[in-house]
Q: 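Structure incoming, see below.
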Amino acid sequence: MPVDAPDAPKAELHLWPYRSLPRRGFVWIMGLGFTLMLVPLLALLGTATLWWLLPFGLGAMGALWFFIEKNYKDGEILEELLIWSDHMTLTRHGPGKKVQHWEANTYWVTVEMHKKDGPIPNYVTLKGNNREVEIGAFLSEKERPQLHRELCEALLRAKSFS
């Protein structure tokens, strides 16, 4: 999104992973899982077998909770790209409060898309300041070419301001 203030960036991009299961859905999944776990255990009410099977059912629910929460924590990624006419910065806020920062002169930066030879199809990178950094690797295969086009256009616009 272009900004008009003189010291403001010419373009700004914020990327984060898509969440297919919102928190409200998580509550529904846990409730449904607990209910479905109880159905077969109802037949065992009053028997010693119930006490043998109950820890396994609760363990399964605990594992489901743990791994969905871990997925939420691993998906806490935000990439912020700021483009000025003379420089650009990419800041990646990763899981566990890990922050990575990259900066380069806009004039020398190139946007590349590795269709097949990257770790994932349509792998998008920014090259500049003797470093190549990935951007939007968590996006879907169809979203990355669109990101590549938009980055090329934003970079061209920013370079034309100088």
Side-chain angles (χ1 to χ4, degrees), residues 1-34 36 58-162:
M1 134 174 130
V3 185
D4 293 336
D7 58 343
K10 304 297 179 197
E12 190 172 333
L13 176 70
H14 299 270
L15 295 171
W16 59 89
Y18 174 71
R19 285 271 153 232
S20 60
L21 182 65
R23 287 290 180 177
R24 184 177 172 150
F26 171 67
V27 171
W28 278 99
I29 289 291
M30 292 307 294
L32 182 66
F34 187 75
L36 290 175
L58 293 176
M61 290 302 300
L64 181 63
W65 181 289
F66 173 79
F67 286 113
I68 291 177
E69 278 296 321
K70 182 174 177 0
N71 182 280
Y72 278 125
K73 295 262 187 293
D74 290 346
E76 291 177 351
I77 298 171
L78 174 64
E79 293 181 349
E80 298 174 312
L81 179 68
L82 301 173
I83 303 174
W84 288 268
S85 57
D86 61 342
H87 73 284
M88 63 191 301
T89 63
L90 176 64
T91 307
R92 184 180 194 270
H93 304 272
K97 310 269 187 232
K98 184 179 176 186
V99 177
Q100 296 170 305
H101 188 75
W102 172 82
E103 191 168 344
N105 185 322
T106 305
Y107 183 77
W108 299 109
V109 172
T110 58
V111 182
E112 296 183 10
M113 184 167 61
H114 309 276
K115 290 201 180 275
K116 302 247 188 253
D117 52 337
I120 51 177
N122 298 329
Y123 187 61
V124 180
T125 60
L126 297 171
K127 210 177 208 181
N129 202 16
N130 294 325
R131 233 171 109 199
E132 187 171 14
V133 293
E134 69 178 16
I135 184 166
F138 48 78
L139 298 174
S140 74
E141 189 175 340
K142 292 179 181 176
E143 290 173 320
R144 287 188 292 271
Q146 180 182 352
L147 171 66
H148 178 260
R149 278 191 307 277
E150 290 179 11
L151 284 175
C152 287
E153 290 170 9
L155 203 55
L156 185 62
R157 278 194 313 271
K159 286 178 182 180
S160 67
F161 280 119
S162 8

Q: Should we count CH2 of Trp102 as having more than 12 external heavy atoms under 6.0 Å?
A: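 Yes, CH2 of Trp102 has more than 12 neighbouring heavy atoms, counting only those of other groups under 6.0 Å.
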
Q: Rounded to the nearest 0.5 Å, how far does CD of Glu12 lie from OG1 of Thr89?
A: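 Thr89 atom OG1 to Glu12 atom CD measures 9.0 Å (nearest 0.5 Å).
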
Q: Sequence neighbours excluded, which residues qualify as side chain to side chain donor-acceptor pair (under 3.5 Å) partners of Arg24?
A: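 Result, side chain to side chain donor-acceptor pair (under 3.5 Å) vs Arg24: none returned.
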
Q: Heavy-atom distance under 4.5 Å between the side chains of Glu134 and Leu90, does that happen here?
A: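 They are not in side-chain contact.
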
Q: Considering non-hydrogen atoms only, spot the tightest contact between Ile135 and Leu147 and give its length.
A: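 For Ile135 and Leu147, the tightest heavy-atom pair comes out as O-CD2, 3.8 Å.
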
Q: Looking only at atom types and distance, does a side-chain atom of Arg144 sit under 3.5 Å from a main-chain N or O of Pro121, one as donor and one as acceptor?
A: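 Confirmed, Arg144 side chain pairs with Pro121 backbone.
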
Q: State, yes or no, whether a side-chain contact exists between Asn122 and His148 at a heavy-atom distance under 4.5 Å.
A: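 Counting from C-beta outward, Asn122 and His148 never come under 4.5 Å.
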
Q: Please report the C-alpha distance between Arg19 and Asn71 in whole Å, then the side-chain angles of each, then the deciding distance to 0.1 Å, and finally whether the side chain to side chain contact (heavy atoms under 4.5 Å, CB included) criterion is met.
A: CA-CA 10 Å; Arg19 285 271 153 232; Asn71 182 280; 3.1 Å; yes

Q: Within this structure, what is the CD1-CG distance for the pair Ile83 and Leu13, rounded to the nearest 0.5 Å?
A: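 Answer for the CD1-CG pair, Ile83 versus Leu13, is 7.5 Å.
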
Q: Can you check whether Trp84's main-chain N or O pairs, donor with acceptor, with Thr106's side chain at less than 3.5 Å?
A: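 Indeed, once roles are kept as given, a pair shorter than 3.5 Å links the two residues.
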
Q: So, taking the atom named CG in Leu81 and the one named NE2 in His14, what distance separates them when rounded to the nearest 0.5 Å?
A: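 The distance works out to 9.5 Å.
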
Q: Among Arg131, Met88, His87, which residue satisfies the side chain to side chain contact (heavy atoms under 4.5 Å, CB included) criterion with Glu103?
A: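 One option only clears the test, and that one is His87.
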
Q: So how far is it from Gln100 CD to His93 NE2, rounded to the nearest 0.5 Å?
A: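 NE2 of His93 is found 10.5 Å from CD of Gln100.
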
Q: Contact between Leu139 and Val124 at the side-chain level, heavy atoms closer than 4.5 Å - yes or no?
A: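 Result no, sub-4.5 Å side-chain heavy-atom pair not found.
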
Q: CD1/Ile68 to NZ/Lys73 distance, rounded to the nearest 0.5 angstrom?
A: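 Nearest 0.5 Å value for the CD1-NZ distance: 13.0 Å.
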
Q: List the residues meeting side-chain contact (heavy atoms from CB on, under 4.5 Å) with Pro17, not counting sequence neighbours, and say none if there are none.
A: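 For Pro17, the residues satisfying side-chain contact (heavy atoms from CB on, under 4.5 Å) (neighbours in sequence not counted) are Ile77, Phe138.
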
Q: Identify the heavy atoms of Val111 and Leu126 that sit nearest to each other, and give their distance.
A: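 Minimum heavy-atom separation between Val111 and Leu126: CG2-CD2, 3.6 Å.
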
Q: Measuring from atom CG of Leu15 to atom CG of Leu78, what distance do you get when rounded to the nearest 0.5 angstrom?
A: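 Between atom CG of Leu15 and atom CG of Leu78 there are 8.0 Å.
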
Q: Does the side chain of Ile120 reach to within under 4.5 Å of the side chain of Glu141, using non-hydrogen atoms?
A: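 A side-chain contact under 4.5 Å is absent here.
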
Q: Among all residues two or more places apart in sequence or in another chain, which pass the side chain to side chain donor-acceptor pair (under 3.5 Å) test with Gln146?
A: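 Expected list: Glu150.
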
Q: Using a 6.0 Å distance limit plus a 45 degree cone around the ring axis, check whether Arg23 lies over the aromatic ring of Tyr72.
A: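 Yes, Arg23 sits over the ring of Tyr72.
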
Q: Would you say CG of Asn130 has more than 12 non-hydrogen atoms from neighbouring residues, nucleotides or ligands within 6.0 angstrom?
A: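 Not buried by this count: 12 neighbours or fewer within 6.0 Å.
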
Q: What pair of heavy atoms forms the shortest contact from Ala104 to Asn129, and how long is it?
A: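 Result for this residue pair: CB-CB, 3.8 Å.
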
